[in-house]
Amino acid sequence: MILSQEFYHRDTIDVAKDLLGKVIVRVVRGKILSGMIVETEAYRSKDDPGSHAYRGMTERNRVMFGEVGRSYVYFTYGNHYCLNLVAKDDSTAAGAALIRAIEPLQGIELMRKFRKISDIYNLTSGPGKLTKALDITKDQNAVDVTKKGELYVTEGRRIDESQVIAASRIGINLGLDKKWRFLIKDNQFVSKKVRL
DNA sequence: CACCCGATTATCT
DNA sequence: GATAATCGGGTGT
């Protein structure tokens with residue numbers, strides 16, 4: 001069951017939290033790669049100095065201002081791509097949830113080839129790692145993830161509120177007061193760094 | 001396990 | 001010209 005556009009048409013923070021346990025599906029060369037989301041971060045707009053959208057729309061972030069339920073993929077640090085899902089309610093102009101880590105489910109051998117490593121706990125435990133494992137690049141920017149295609153998101157396991165940890169977001173200097181990083185308690189596949 | 005640092009380039013000021 | 005929603009390798013504890 002693919003998540004509908006309605007799922008993404010809510011406060012970015014709620015969507016980021018509710019994405020835990022959902023499954024990302026990536027189809028490459030006819031093969032299916034998938035993994036359960038175990039860690040996310042919410043990025044809003046005018047109220048969030050840590051967000052790309054804080055200073056308004058630019059060529060890079062324009063997808064964050066567009067239709068919900070689409071992917072926002074950007075390139076950073078000269079090496080890596082990061083995958084976000086556009087999500088927001090009508091009270092704000094832009095917003096997206098960064099997918100920080102997934103637990104590999106299907107197509108693990110192909111992921112190992114893309115990552116050139118074998119350790120399953122290191123395969124998709126970080127935003128730059130999981131895009132490499134799923135062969136996601138700028139070509140997958142602005143893809144509609146509410147429809148079956150090369151990239152979409154389905155229902156997965158229900159995660160109880162008591163299993164969700166909220167923490168400060170990683171890799172930013174502004175907006176650290178906001179606890180908008182969400183991860184599944186005791187999951188082995190989250191990215192290691194924890195700043196509370 | 002914790003901290004430090006270089007790589008590498010699109011994007012913004 | 002500076003910075004960055006990162007990673008992996010290196011060193012030290």
Side-chain angles (χ1 to χ4, degrees), chain A residues 8 11-17 19-20 24 35 37-66 68 70-88 92-102 104 111-143 145 151 153 165-183 186-196:
Chain A
Y8 302 94
D11 189 303
T12 312
I13 296 166
D14 293 329
V15 176
K17 196 184 302 180
L19 276 169
L20 296 176
I24 300 248
I37 299 171
V38 299
E39 180 174 346
T40 63
E41 282 178 5
Y43 286 90
R44 297 209 298 203
S45 54
K46 290 190 289 289
D47 63 339
D48 183 4
S51 172
H52 285 169
Y54 182 59
R55 291 169 198 285
M57 185 160 64
T58 65
E59 182 54 34
R60 174 175 63 166
N61 68 22
R62 73 185 198 293
V63 184
M64 286 180 77
F65 291 78
V68 300
R70 286 183 177 259
S71 60
Y72 166 44
V73 179
Y74 65 87
F75 187 71
T76 191
Y77 289 106
N79 299 310
H80 309 285
Y81 291 97
C82 291
L83 170 66
N84 299 248
L85 301 176
V86 178
K88 68 202 179 197
T92 184
L98 170 68
I99 309 302
R100 283 197 57 86
I102 63 176
M111 290 188 204
R112 286 187 165 123
K113 280 187 189 163
F114 287 141
R115 285 277 287 123
K116 297 181 169 60
I117 58 154
S118 60
D119 179 11
I120 193 161
Y121 295 108
N122 197 20
L123 214 47
T124 56
S125 55
K129 298 180 187 178
L130 70 92
T131 52
K132 187 147 220 171
L134 298 180
D135 193 32
I136 289 172
T137 67
K138 219 175 168 66
D139 290 347
Q140 278 66 238
N141 190 30
V143 169
V145 299
L151 181 66
V153 185
I165 296 174
S168 290
R169 293 172 294 177
I170 290 184
I172 58 174
N173 299 306
L174 298 171
L176 287 173
D177 53 315
K178 299 173 170 61
K179 300 284 191 284
W180 290 354
R181 176 191 180 204
F182 302 103
L183 29 78
D186 298 330
N187 185 282
Q188 301 292 293
F189 296 88
V190 301
S191 69
K192 290 291 179 189
K193 295 182 265 186
V194 179
R195 264 190 251 159
L196 294 172

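Proteins come first, then strands; the chains are lettered A, B, ... in the order of their sequence lines, and each starts at number 1.
- For the pair I170(A) CD1 and dA5(C) P, the interatomic distance rounds to 13 Å; values are reported in whole Å.
- The phosphate of dC7(C) (OP1 or OP2) has no side-chain N or O of H80(A) nearer than 4.0 angstrom.
- L130(A) places its CG atom 8 Å from the P atom of dC7(C), with the value rounded to the nearest Å.
- The distance from atom CD1 of I172(A) to atom P of dA4(C) is 11 Å, rounded to the nearest whole Å.
- Listed candidates were dA4(C), dC7(C), dA5(C). Nearest to the side chain of P127(A) is dC7(C).
- For K129(A), the NZ atom counts as densely surrounded, since its 6.0 Å shell holds more than 12 non-hydrogen atoms of other residues, nucleotides or ligands.
- When Watson-Crick and G-U wobble pairs are counted only if both distances are under 3.5 Å, dT8(B) pairs with no nucleotide at all.
- Atom CG in N122(A) sits roughly 9 Å away from atom P in dC7(C) (whole-Å rounding).
- If you take NZ of K116(A) and P of dG9(C), they are 13 Å apart, rounded to a whole angstrom.
- For the pair A53(A) and A94(A), the tightest heavy-atom approach, listed with the atom from each and the gap, is CB-CB, 3.7 Å.
- Residue D119(A) contributes atom CG, which lies 12 Å from atom P of dG9(C) at whole-angstrom precision.
- More than 12 heavy atoms of other shown residues, nucleotides or ligands fall within 6.0 angstrom of atom CZ in F114(A).
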- Might you work through the side chain to side chain donor-acceptor pair (under 3.5 Å) test for S191(A) and R100(A), ending with a clear yes or no? CA-CA 7 Å; S191(A) 69; R100(A) 283 197 57 86; 3.3 Å; yes
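- Considering all non-hydrogen atoms of both residues, I99(A) and L19(A) come closest at CD1-CD1, 4.3 Å.
- Using a cutoff of 4.0 Å between basic side-chain nitrogens and carboxylate oxygens, D11(A) and R44(A) are scored as salt-bridged.
- Taking only side-chain nitrogens and oxygens, R100(A) comes nearer than 4.0 Å to OP1 or OP2 of dT6(C).
- The distance between atom CE of M64(A) and atom P of dA5(C), rounded to the nearest whole Å, is 11 Å.
- At whole-Å resolution of the value, CZ in R169(A) and C1' in dA4(C) are 15 Å apart.
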- Could you write nucleotides 8-13 of chain B as a row of B, S and -, 5' to 3', where a protein heavy atom under 4.0 Å of any base atom gives B, of only sugar-phosphate atoms gives S, and otherwise -? BBSSSS
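- Applying the 4.0 Å criterion to OP1 and OP2 of dT6(C), one finds that K132(A) has every side-chain N and O outside that range.
- Ionic pairing of R169(A) and E41(A) is not present here: no N-O contact between side-chain nitrogen and carboxylate oxygen is shorter than 4.0 angstrom.
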